[in-house]
A.B. asks: 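Following this message is one structure expressed as structure tokens.
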Amino acid sequence: MLDIKLIRENPQFVRSNLSKRNSPDCLKMLDELILLDKDWRANNTKLNGLRHERKQVTVEIAKLKKACQNADIQFRKATEVDQKITHAEKRVVEQEAQIKNYLLTLPNLLEDSVPVGKDSSENITVKKWGTIPQFSFQPKNHIDLAIPLNQIDMERAGKITGSRFFYLKNDVAMLDMALMHFALEELQNRDYTPIVPPYMMKRGAYEGVTSLGDFAEVLYRIQGEDLYMIATSEHPLGAMYWNEVLKLDEMPIKMAGISTCFRKEAGAHGKDTRGIFRTHQFNKIEQFIFCKPEDSSKLHEELLANAELLYQKLGLAYRVVNVCTGDIGTIAAKKYDIEAWMPAQDDYREVVSCSNCTDYQARRLGVRYRAKEGAPPIGPVHTLNSTAIATGRTIVAIIENYQNEDGTITIPQVLRKYMGNREKITKKR
RNA sequence: GCCGGGAUGGCAGAGUGGUUAACGCGCGGGCCUUGAGAGCCCGUGGACCUUCCGGUCCGCAUGGGUUCGAAUCCCAUUCCCGGCGCCA
């Protein structure tokens with residue numbers, strides 16, 4: 001959510017920033033919001049005047065009653081003003097709801113270093129790491145490797161839940177846990193607090209951490225309850241301090257979220273349908289930070305560096321892209337993606353998304369900070385989030401990058417200690 | 001799930017139908033002081049208007065209701081505490 005005061009005081013600045021997003025709707029909304037806000041303020045002032053009038057009458061009645069005098073005239077006046085108030089209130093409440101809706105829909109302001117572009121094809125590669133593996137044979141995709149080894153069962157998952165679900169079995173089931181354990185240990189060594197959050201959230205909390213469009217497209221709702229399954233632990237971690245005021249000396253708060261993620265993938269029909277690359281359910285370790293505004297740029301780089309180091313330790317080649325204005329999404333002011341090399345696709349694919357949400361998410365959530373106990377709040381904090389490891393896609397990368405000609409898969413060195421010190425994934429009964 | 005108790009500013013905690021959320025702590029500013037502290041004075045939730053002097057409204061968990069008037073009475077919901085029940 002943007003600061004309505006900034007919109008009032010400096011509409012040109014907001015307008016020129018939002019125009020980089022290549023979305024005429026968004027500029028139209030901004031113009032409508034500015035007019036609506038002006039009208040609301042006028043109506044609100046009028047309403048306050050009426051309420052004042054109403055209070056005066058109440059005071060008169062109290063006086064007359066005390067003096068045992070007749071107050072019929074005042075009662076009549078009260079009823080009259082009440083009607084006007086009811087009318088004015090209705091309009092003001094409606095306008096407030098509309099304004100809130102505009103504010104929840106308008107996207108974040110972008111940082112200057114975000115490249116201008118129309119879609120993901122115009123993201124800028126800022127770094128490449130590692131060597132793309134060369135195979136002396138035709139490399140297979142993760143499914144054609146894992147199924148003969150009896151490590152993944154897609155068919156039976158389809159039978160009980162439909163497409164985009166899976167059973168992980170044997171070594172790959174262990175690999176899933178090993179990746180979680182590995183990422184968690186690395187982050188704990190950097191003072192990130194491990195947290196298992198709730199896997200469901202109320203709508204009100206959810207509106208604070210995500211954009212309204214996500215409710216239909218990605219979130220599973222629990223029938224008959226005001227609860228949504230989390231799409232990432234970013235959401236319950238972000239909502240953790242909902243409507244709270246943090247103290248300066250307790251920031252930055254660095255957390256490592258541990259959770260399964262649930263996504264409808266409603267807008268992804270036909271994309272990545274084979275295997276476990278894009279699924280309705282996967283495990284993920286997520287990094288999340290609450291910090292002072294002046295620290296967020298620096299910490300954004302830290303989150304990226306943490307994620308990069310994990311992929312370096314896993315020995316997976318990747319590139320880092322600076323996501324452009326047309327692809328960045330509603331809440332981020334700047335976003336990096338890490339894309340790992342996927343041999344079967346002969347391309348880099350997204351495995352990490354690392355965002356600086358500046359004050360946008362925090363303002364929606366009402367998370368502010370104060371200098372010390374007793375001092376008044378200074379303003380909204382900044383929030384940042386980044387994948388550490390999402391197991392599904394990382395498993396795909398490992399299986400494909402570490403495949404051997406005989407169809408077995410070498411286990412990356414750093415994961416062996418979590419997998420009984422075995423070196424290879426082989427066929428299981 | 002049942003019975004009982006509760007939710008008031010950053011914190012602690014009064015107010016239990018009549019305009020004003022007491023007192024305190026904390027925090028900010030001022031006076032005093034070589035300085036610090038103590039002491040004293042003023043201020044300290046949010047929104048809106050403003051000619052910058054000030055003015056108005058909202059705010060006592062949330063949403064309704066009763067009343068000329070609600071932190072206070074009634075109903076529903078959420079959460080917390082205690083007791084009972086159920087449960088991996």
Side-chain angles (χ1 to χ4, degrees), chain A residues 1-9 11 33-104 196-208 222 224-228 236 239-251 253 260 290 292 359 362-381:
Chain A
M1 186 158 82
L2 300 180
D3 185 359
I4 186 73
K5 284 183 179 159
L6 179 68
I7 294 174
R8 267 177 213 152
E9 286 160 17
L33 172 61
I34 289 167
L35 287 175
L36 183 62
D37 176 60
K38 203 174 169 193
D39 196 39
W40 170 78
R41 281 182 287 156
N43 286 329
N44 188 47
T45 303
K46 229 180 276 174
L47 174 62
N48 285 348
L50 286 170
R51 281 177 169 158
H52 179 60
E53 217 178 299
R54 183 67 179 75
K55 277 194 158 181
Q56 302 285 309
V57 178
T58 300
V59 171
E60 282 175 43
I61 290 171
K63 273 186 197 155
L64 290 168
K65 281 226 160 182
K66 222 172 195 174
C68 295
Q69 289 178 348
N70 183 291
D72 287 353
I73 297 167
Q74 282 71 19
F75 279 119
R76 218 173 304 131
K77 174 96 192 268
T79 313
E80 249 169 60
V81 181
D82 276 345
Q83 282 172 359
K84 286 189 199 164
I85 288 176
T86 308
H87 186 75
E89 233 168 24
K90 191 170 170 248
R91 190 166 169 76
V92 166
V93 168
E94 274 169 16
Q95 288 187 320
E96 276 169 0
Q98 282 170 24
I99 287 168
K100 192 181 175 202
N101 197 48
Y102 276 117
L103 286 172
L104 287 177
V196 178
Y199 285 13
M200 299 176 209
M201 284 167 66
K202 299 194 267 195
R203 184 174 180 114
Y206 232 125
E207 278 179 354
I222 306 296
E225 307 268 346
D226 178 27
L227 287 173
Y228 294 81
M240 197 167 170
Y241 298 103
W242 192 20
N243 289 328
E244 290 191 35
V245 184
L246 305 174
K247 269 175 276 167
L248 208 52
D249 62 10
E250 63 192 8
M251 293 195 288
I253 296 174
T260 303
F290 291 95
K292 300 181 274 191
D359 62 1
R363 188 173 291 106
R364 288 171 77 126
L365 283 163
V367 181
R368 296 169 296 162
Y369 69 108
R370 66 175 93 250
K372 51 182 137 174
E373 179 78 27
I378 296 167
V381 300

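Labels below follow one simple rule: chain letters A, B, ... track the order of the sequence lines, proteins then strands, and each chain is numbered from 1.
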A.B. asks: Please list, one pair per line, the donor and acceptor atoms closer than 3.5 Å that link side chains of residues 55-62 of chain A to other protein atoms, with sequence neighbours excluded.
C.D. replies:
residue, atom, partner, partner atom, Å
A:Q56, NE2, A:H52, NE2, 3.4
A:T58, OG1, A:R54, O, 3.2
A:T58, OG1, A:R54, NH1, 2.9
A:E60, OE1, A:Q74, NE2, 3.3

A.B. asks: Please list each protein N or O that sits under 3.5 Å from an N or O in nucleotides 14-16 of chain B, with the distance.
C.D. replies:
none

A.B. asks: Mind checking what makes side chain to side chain donor-acceptor pair (under 3.5 Å) contact with A:E207, not counting sequence neighbours?
C.D. replies: A:R203
A.B. asks: Please determine whether a side-chain nitrogen or oxygen atom of A:R8 lies at a distance below 4.0 Å from atom OP1 or OP2 of B:rC48.
C.D. replies: yes
A.B. asks: Please name all residues satisfying side chain to side chain donor-acceptor pair (under 3.5 Å) with A:Y241, sequence neighbours left out, ordered by chain then number.
C.D. replies: none
A.B. asks: Got a list of protein N/O to nucleotides 53-59 of chain B N/O distances below 3.5 Å?
C.D. replies:
residue, atom, partner, partner atom, Å
B:rU56, O3', A:H52, ND1, 2.9
B:rU56, O2', A:N48, O, 3.2
B:rC57, OP1, A:H52, ND1, 2.8
B:rC57, O2', A:N48, OD1, 2.7
B:rC57, O2', A:R51, NH1, 3.2
B:rC58, OP2, A:K55, NZ, 3.3

A.B. asks: Quick one: list whatever passes ring pair (Phe, Tyr, Trp, His ring centres under 6.0 Å) with A:Y369, sequence neighbours left out.
C.D. replies: none
A.B. asks: As a check on the pairing definition, encode RNA chain B in dot-bracket form, counting Watson-Crick and G-U wobble pairs whose two distances are under 3.5 Å, and using | for partners outside this strand.
C.D. replies: ((((((((.[[...)..(.....]]((((((.......))))))(((((....)))))..[[[[[..)....]]]]])))))))....
A.B. asks: Could I get the full list of side chain to side chain donor-acceptor pair (under 3.5 Å) partners for A:R368, not counting sequence neighbours?
C.D. replies: none
A.B. asks: Using nucleotides 26-29 of chain B, report all nitrogen or oxygen pairs with the protein that are shorter than 3.5 Å.
C.D. replies:
residue, atom, partner, partner atom, Å
B:rG26, O2', A:E373, O, 2.9
B:rG26, N2, A:G374, O, 2.6
B:rG28, OP1, A:K372, NZ, 3.3

A.B. asks: In residues 79-92 of chain A, what residues come within less than 4.0 Å of RNA chain B, judged by heavy atoms?
C.D. replies: none
A.B. asks: How would you list, by chain and number, every residue that makes a salt bridge (Lys or Arg N to Asp or Glu O under 4.0 Å) with A:D3, sequence neighbours excluded?
C.D. replies: none
A.B. asks: Can you list the residues that meet the side chain to side chain donor-acceptor pair (under 3.5 Å) rule with A:K372, with sequence neighbours excluded?
C.D. replies: none
